[in-house]
K.L.:
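Got a structure here, written out as structure tokens. Questions coming.
Every number for a ligand or one of its atoms is a count from 1 in the order of the listing.
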Amino acid sequence: MKRISLTQHLIEEQRLHNTIPASLRLLIEVVARACKTISHAVGKGALGDVLGSAHSENVQGEVQKKLDVISNEILLQANEWGGHLAAMASEEMETIHPIPNRYPMGEYMLLFDPLDGSSNIDVNVSIGTIFSVLKAPDGMVTPSEKDFLQCGAKQVAAGYAVYGPQTVLVLTTGNGVQCFTLDREMGSWVMTQRDIQIPAETKEFAINASNARHWHPPVKRYIDELLAGETGPRGKDFNMRWIASMVADVHRILNRGGIFMYPADSREPDKAGKLRLMYEANPMAFIVEQAGGAATNGRQRIMDIQPEKLHQRVPVFLGSKGEVELVTGYHRN
Ligand code: P6P
């Protein structure tokens, strides 16, 4: 495959589809540059005084790691001055972050989980950044939380970076899914996969099985059938993977198929699972659908959900289409 840069890809996409105006191209390039900076910070590990707890809590009530805070700051500072954004929202911040008055306001809104998979940071397991791009509502003067509450189908771009053995950036702007690998010597993102398609068939599933006793019946039925293997109703054996880093599990599924599940369960009936709709489930759902997969909350398409709160959670079933449709069907029946 011809190795092209992220910038060349964005310029060519604009020529082909007229979907990436200059301000959106700038936004994506700035976020990609911020992910390079985060990758560098993450890569220092114990040598960089970036590990461990920040001794603070985020809006989710989770103890923040130093790198959570560092990554959030990197994304805020990278995106404030460009004139492409009206506001930002982050898993690490309770309220939205309007662009400071000293900078021009743009037409896009950026949402992100600056460092997903934080429990893996201190033990050197892959982590990543997830981002989602929405257009600011027409006529918006002063951004507020309600301006962000748009369903996932309104996203104009979404992506994630994985800080693993390679640092990769996976991106969609609505015309397929591309993967870029960071050339550390040149400091540039180089396209290494174009139009990724999730294999429709799979033998792998991803779920935190330690929660099994709390699962609702449709999830229990679906997983039991997978575990029954060749002699069971599925007629084949399955393998399980759980990295506890959504970006790493989704990247594996994008490349070799599978289904990722974080269901709601009986522990907290009012809690809709663990993952957040606006900056985890929606961007991943956009990418997975663009790669020919599916993403539901067990009953409906994730990207059709009308958000009510910025940090609301949602059950997640995403990956190979056939598997997602099967487990969703169990919920509906
Ligand atoms: P558990 C990481 O904290 C995260 O938000 C996702 O990246 C990951 O899939 C999930 O939570 C892991 O959750 O309950 O297995 O630790």
Side-chain angles (χ1 to χ4, degrees), residues 35 38 42 51-54 56-72 75 89-93 111-132 158-164 168 170 204-216 219 223 240-255 258-268 271-288 293 295-298 302 310-319 323-324 327:
C35 290
I38 295 171
V42 164
L51 300 182
S53 166
S56 54
E57 266 194 11
N58 63 15
V59 62
Q60 331 286 343
E62 296 162 342
V63 173
Q64 289 176 305
K65 301 277 192 177
K66 283 181 189 169
L67 272 169
D68 283 325
V69 177
I70 292 166
S71 303
N72 195 61
L75 280 158
S90 165
E91 179 187 61
E92 300 303 331
M93 302 186 300
L111 303 94
F112 47 82
D113 178 357
L115 203 60
D116 178 70
S118 302
S119 64
N120 287 321
I121 293 173
D122 297 347
V123 291
N124 196 22
V125 172
S126 297
I127 47 186
T129 298
I130 310 172
F131 67 92
S132 170
Y160 63 81
V162 183
Y163 312 119
V168 298
V170 169
E204 271 186 335
F205 67 97
I207 194 166
N208 182 336
S210 70
N211 300 327
R213 63 189 181 285
H214 306 301
W215 292 337
H216 295 312
V219 177
I223 300 294
M240 195 196 92
R241 286 283 182 275
W242 187 251
I243 305 174
S245 189
M246 187 184 195
V247 289
D249 280 315
V250 169
H251 195 64
R252 184 194 59 255
I253 289 167
L254 221 51
N255 282 283
I259 179 169
F260 172 97
M261 294 162 277
Y262 210 110
D265 64 41
S266 57
R267 281 175 291 182
E268 294 180 70
K271 189 177 174 188
K274 176 179 182 184
L275 301 177
R276 285 84 174 181
L277 174 62
M278 297 306 294
Y279 39 78
E280 289 176 329
N282 268 341
M284 289 308 200
F286 190 15
I287 291 165
V288 161
T296 74
N297 65 355
I302 281 181
L310 186 62
H311 298 292
Q312 77 182 63
R313 299 174 193 269
V314 65
V316 176
F317 300 84
L318 62 77
E323 295 302 324
V324 174
V327 68

K.L.:
Below 3.5 angstrom, do we get any N/O pair linking Lys274 and ligand 1?
P.N.:
yes

K.L.:
Is there a side-chain contact (heavy atoms from CB on, under 4.5 Å) between Arg276 and Asp113? Walk through the geometry before answering.
P.N.:
CA-CA 9 Å; Arg276 285 84 174 181; Asp113 178 357; 5.8 Å; no

K.L.:
With sequence neighbours left out, what residues match Tyr163 under ring-ring contact (aromatic ring centres under 6.0 Å, His included)?
P.N.:
none

K.L.:
Counting heavy atoms only, which of Asp116, Asp113, Val250, Leu115 comes nearest to atom 4 (C) of ligand 1?
P.N.:
Asp116

K.L.:
Show your working on side-chain contact (heavy atoms from CB on, under 4.5 Å) between Ile302 and Asn282 and close with a plain yes or no.
P.N.:
CA-CA 7 Å; Ile302 281 181; Asn282 268 341; 3.5 Å; yes

K.L.:
Compare every heavy atom of Val250 with every heavy atom of Leu318, then report the nearest pair and how far apart it is.
P.N.:
CD1-CG2, 4.0 Å

K.L.:
As an exercise, identify every atom of ligand 1 less than 4.0 angstrom from a heavy atom of Asn208.
P.N.:
1 (P), 14 (O), 15 (O)

K.L.:
Which of the numbered atoms in ligand 1 are below 4.0 angstrom from a heavy atom of Phe260?
P.N.:
9 (O)

K.L.:
Ignoring hydrogens and angles, tell me if any N or O in the side chain of Asp68 forms a donor-acceptor pair with the backbone of Lys65 under 3.5 Å.
P.N.:
yes

K.L.:
Under 3.5 Å, side chain of Ser71 to main-chain N/O of Ile38, donor-acceptor pair present?
P.N.:
no

K.L.:
Are the side chain of Asn72 and the backbone N or O of Met93 linked by a donor-acceptor pair below 3.5 Å?
P.N.:
no

K.L.:
Out of all atoms in ligand 1, which are within 4.0 Å of some heavy atom of Leu275? Include the element for each.
P.N.:
5 (O), 6 (C)

K.L.:
Does Trp242 have its ring centroid less than 6.0 Å away from the ring centroid of Phe260?
P.N.:
yes

K.L.:
Determine, using heavy atoms of Ser118 and all atoms of ligand 1, whether some pair is separated by less than 4.0 Å.
P.N.:
no

K.L.:
Note the single closest protein heavy atom to atom 14 (O) of ligand 1, along with its residue, its atom name and the distance in Å.
P.N.:
Tyr262 OH, 2.6 Å

K.L.:
Any nitrogen or oxygen of Trp242, side chain or backbone, less than 3.5 Å from one on ligand 1?
P.N.:
yes

K.L.:
Yes or no: does Ala244 have any heavy atom under 4.0 Å from an atom of ligand 1?
P.N.:
yes

K.L.:
Within ligand 1, which atoms have a heavy atom of Met246 less than 4.0 Å away?
P.N.:
6 (C), 7 (O), 8 (C), 9 (O)

K.L.:
For ligand 1, which is the ligand I care about here, please tell me if Val247 has any N or O atom under 3.5 Å from one of the ligand's N or O atoms.
P.N.:
no

